[in-house]
Each structure stands twice: as structure tokens, then as C-alpha cells.
Amino acid sequence: MTSSQRSQCSKGSSWQESKDPSPSEDVIIPQILRHVFLNDKLEKLVPFLFHKYQKNELITMEEMLNTVDHDYHKQFPLIFRDFCKCLSVGFGIDMREVEPLSHIYVLVPILGLTYNGLLNDEHKSFPPISVLIVILTIIFIKGNCASEADIAEVLRIRKMLAQKDNIEIGEPWKFITVDLVREQYLEYRQVPNSYPASYEFLWGPRAHAETSKMKLLEHLARLHRRDPRSYPILYDEAVREEQGIVKAFKWAKWIPKIWSVPKPHD
């Protein structure tokens with residue numbers, strides 16, 4: 001399996017050599033992150049909604065207004081619209097109104113990511129969460145693994161945007177190499193036969209379980225207002241993954257029949 005992954009990484013590292021159009025992380029990252037950074041008007045609203053999302057609870061407009069500073073209540077409709085865009089783009093979560101008269105909403109996972117285990121009681125881990133989709137995207141684009149340098153570039157751009165908007169982003173490298181690895185969203189391993197030792201990132205088992213390459217590609221294409229098929233290499237990879245999942249599911253259904261022992265006749 002390691003040999004196969006290494007081969008995939010080698011293929012993925014030379015997108016520019018291919019004639020097929022494919023997204024460059026230099027283009028993707030800023031466009032995603034510009035929508036993800038939040039101002040202090042939403043400081044209390046963000047963790048409140050994330051906990052509602054994780055508990056699968058409905059949300060009222062009144063509850064949301066109670067978490068926003070009173071001075072911003074008149075501006076809230078505009079703030080709320082921008083925030084919904086942020087949730088969708090940065091976290092793969094849709095805010096949908098289920099009862100218009102009562103202004104009751106539900107948070108729907110677009111990508112399937114739950115983020116369970118990543119928020120602590122003090123909500124200090126919220127800001128770095130916005131890098132998860134970006135990192136999973138970079139790993140996908142790079143051929144199913146990304147080097148430390150690839151991810152460091154993500155954080156460099158993120159830090160530049162944060163400084164521009166005076167936003168505190170915390171300690172994202174620890175969050176990536178410890179928290180996301182602990183929660184199995186990422187795998188962080190040494191590159192085989194590297195000396196001096198270098199490290200790379202892959203999707204962890206939880207990322208594979210909660211989302212898929214096709215969901216991520218569709219999300220990426222939606223951001224750029226393109227058809228997923230306009231990225232043929234990524235699209236073919238996503239289709240192969242889906243076909244593999246279907247085959248594995250069908251095989252799993254046959255296993256009990258193959259190994260079942262016939263009952264003796266009376």
C-alpha cells in the first residue's frame with residue numbers, strides 16, 4: 001500500500017506537466033480563506049452554532065441574536081448572510097431555514113464532516129478548524145499526499161490574510177499535527193527512505209469515513225463556478241474511489257452468504 005501511495009504522490013506532484021486543467025493551490029487557498037476569516041461580531045455566534053451542529057439541534061433567529069452584541073442587531077441580517085456563506089465555503093455546512101414564519105434553521109453537512117472532538121469548552125480550537133477542508137483539498141490535488149512544505153504554504157497564506165484583517169489564528173501547526181492527527185482526520189508520517197527525515201500528510205481514516213473526494217471536488221468546483229468534470233484528473237480519481245467503495249460494499253454483502261453454514265436437514 002505504501003508503494004501505491006508513493007506512486008500516487010509522484011503522479012500528483014506534477015499537475016503542471018499535464019495538459020489537463022487542474023486547480024492550483026495558489027489559486028484555491030486565498031479564495032477559500034477570504035470567506036473563512038470571521039470578525040468579532042460573530043465571535044460568540046460561531047462556537048454556539050458549531051455545538052448546535054454537533055448535537056443536530058434546530059436553531060432560532062432569537063437564539064442567534066442573543067449571542068451577537070446588541071449594537072449589531074440592526075446589521076445582523078447582512079452579517080448573517082455573510083456568515084452563512086462562510087459556513088458553506090469554509091466548513092462545508094449549509095444553514096437552511098426550515099420554518100420561515102418562526103425563523104427556525106437547521107445546519108446541514110454538505111461534505112459530511114462532523115468536527116466532533118475538535119472544539120473544547122473554551123472554543124479556543126475554533127479558528128484553526130477552518131484549515132481542515134483546505135488541507136484535505138491540497139492533499140487530494142497533490143496526488144493523495146502533501147509534504148510539510150505544501151501545508152506550511154497554506155499556513156503562510158492564512159497568516160498573511162489574518163494579519164491583514166487583524167485576526168488571531170492561534171497555533172495552527174500544533175492543531176494540524178496533533179489534534180487533526182489524534183482525531184484521525186489526517187495521517188502524518190515520515191517519508192520512506194528520506195534523510196534527513198521529512199514528513200508528509202495523508203487523509204486519515206476519519207476523513208475517508210465522513211467525506212469523499214467527489215464531495216470535496218464538487219465543493220471546490222462550486223466555489224469556482226465550474227463543472228467537476230472540468231478537472232478531469234481529479235474527477236477520474238474521485239470516480240475511481242466511488243467505484244471502489246461500491247465494489248467493497250457489494251462484496252461485504254456477499255460475505256455472510258459465502259461463509260454461512262447450511263443447517264442440517266431434519
Side-chain angles (χ1 to χ4, degrees), residues 1-18 20-37 89-92 111 113 118 127-163 169-208 211-213 215-217 219-221 223-224 231-238 241:
M1 184 175 69
T2 301
S3 175
S4 174
Q5 289 173 332
R6 172 57 46 201
S7 175
Q8 289 177 331
C9 289
S10 298
K11 294 177 182 178
S13 63
S14 57
W15 289 111
Q16 295 179 354
E17 296 176 4
S18 171
D20 292 326
S22 55
S24 165
E25 63 271 19
D26 295 334
V27 176
I28 295 168
I29 297 169
Q31 291 193 18
I32 293 178
L33 294 182
R34 285 192 192 102
H35 294 279
V36 171
F37 288 118
V89 172
F91 303 98
L111 299 179
L113 298 170
L118 295 179
I129 288 179
S130 60
V131 303
L132 177 56
I133 292 178
V134 180
I135 291 175
L136 293 178
T137 301
I138 297 302
I139 292 173
F140 181 21
I141 291 173
K142 288 293 184 178
N144 300 320
C145 66
S147 67
E148 283 188 310
D150 295 329
I151 304 305
E153 179 65 10
V154 172
L155 300 184
R156 186 186 70 81
I157 296 174
R158 191 173 191 269
K159 185 176 181 180
M160 289 170 57
L161 294 175
Q163 290 174 344
I169 64 173
E171 180 50 60
W173 191 254
K174 176 180 177 296
F175 178 78
I176 292 168
T177 58
V178 177
D179 297 345
L180 290 180
V181 173
R182 182 194 66 229
E183 295 299 326
Q184 299 188 331
Y185 276 119
L186 296 178
E187 180 184 345
Y188 182 50
R189 71 181 189 185
Q190 183 177 341
V191 177
N193 303 319
S194 61
Y195 184 82
S198 59
Y199 294 83
E200 61 190 2
F201 294 87
L202 298 86
W203 280 29
R206 184 172 170 186
H208 285 288
T211 190
S212 69
K213 293 175 182 177
K215 288 181 180 179
L216 204 64
L217 179 58
H219 183 65
L220 177 64
L223 294 181
H224 293 277
Y231 306 117
I233 298 177
L234 298 181
Y235 184 79
D236 289 346
E237 172 74 14
E241 181 192 64

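All residue numbers refer to positions in the sequence shown, counting from 1. None of the values given here were measured: they were computed from a predicted structure.
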Could you list the residues that satisfy side-chain hydrogen bond (donor to acceptor under 3.5 Å, both in side chains) with Tyr199, not counting sequence neighbours?
none

Hey, could you give me the CG/CG distance between Leu216 and Leu111, rounded to the nearest 0.5 Å?
6.0 Å

Taking side-chain hydrogen bond (donor to acceptor under 3.5 Å, both in side chains) as the definition, give me every residue that meets it alongside Glu148, ordered by chain and number, with sequence neighbours left out.
Tyr188

Quick one: closest heavy-atom pair of Leu202 and Ile139, and the distance?
C-CD1, 3.8 Å

Atom of Ser194, atom of Val191 and distance for their closest heavy-atom approach:
OG-O, 2.8 Å

Flag, side chain of Thr211 to backbone of Ala207, donor-acceptor distance under 3.5 Å:
no

Those residues that, when tested against Ser212, pass side-chain hydrogen bond (donor to acceptor under 3.5 Å, both in side chains) (two or more places apart):
none

Shortest non-hydrogen pair, Leu186 vs Leu136, comes out as CD2-CD2, 4.0 Å

Identify the two heavy atoms, one from Lys213 and one from Glu241, that lie closest to each other, and give their separation to 0.1 Å.
N-OE1, 3.0 Å

Checking Phe201 against Ile138 for the side-chain contact (heavy atoms from CB on, under 4.5 Å) test, could you report, in this order, the C-alpha distance in whole Å, the side-chain angles of both residues, the deciding distance, and whether it holds?
CA-CA 10 Å; Phe201 294 87; Ile138 297 302; over 6 Å; no

Spacing of CD1 belonging to Ile133 relative to OH belonging to Tyr185, to within rounding of 0.5 Å
10.0 Å

Do Glu153 and Ser147 have side-chain heavy atoms sitting under 4.5 Å apart?
no

Stepwise side-chain contact (heavy atoms from CB on, under 4.5 Å) test for Ile151 and Trp173
CA-CA 9 Å; Ile151 304 305; Trp173 191 254; 3.9 Å; yes

If you round to the nearest 0.5 Å, how far is CD of Gln184 from NE2 of His208?
11.5 Å

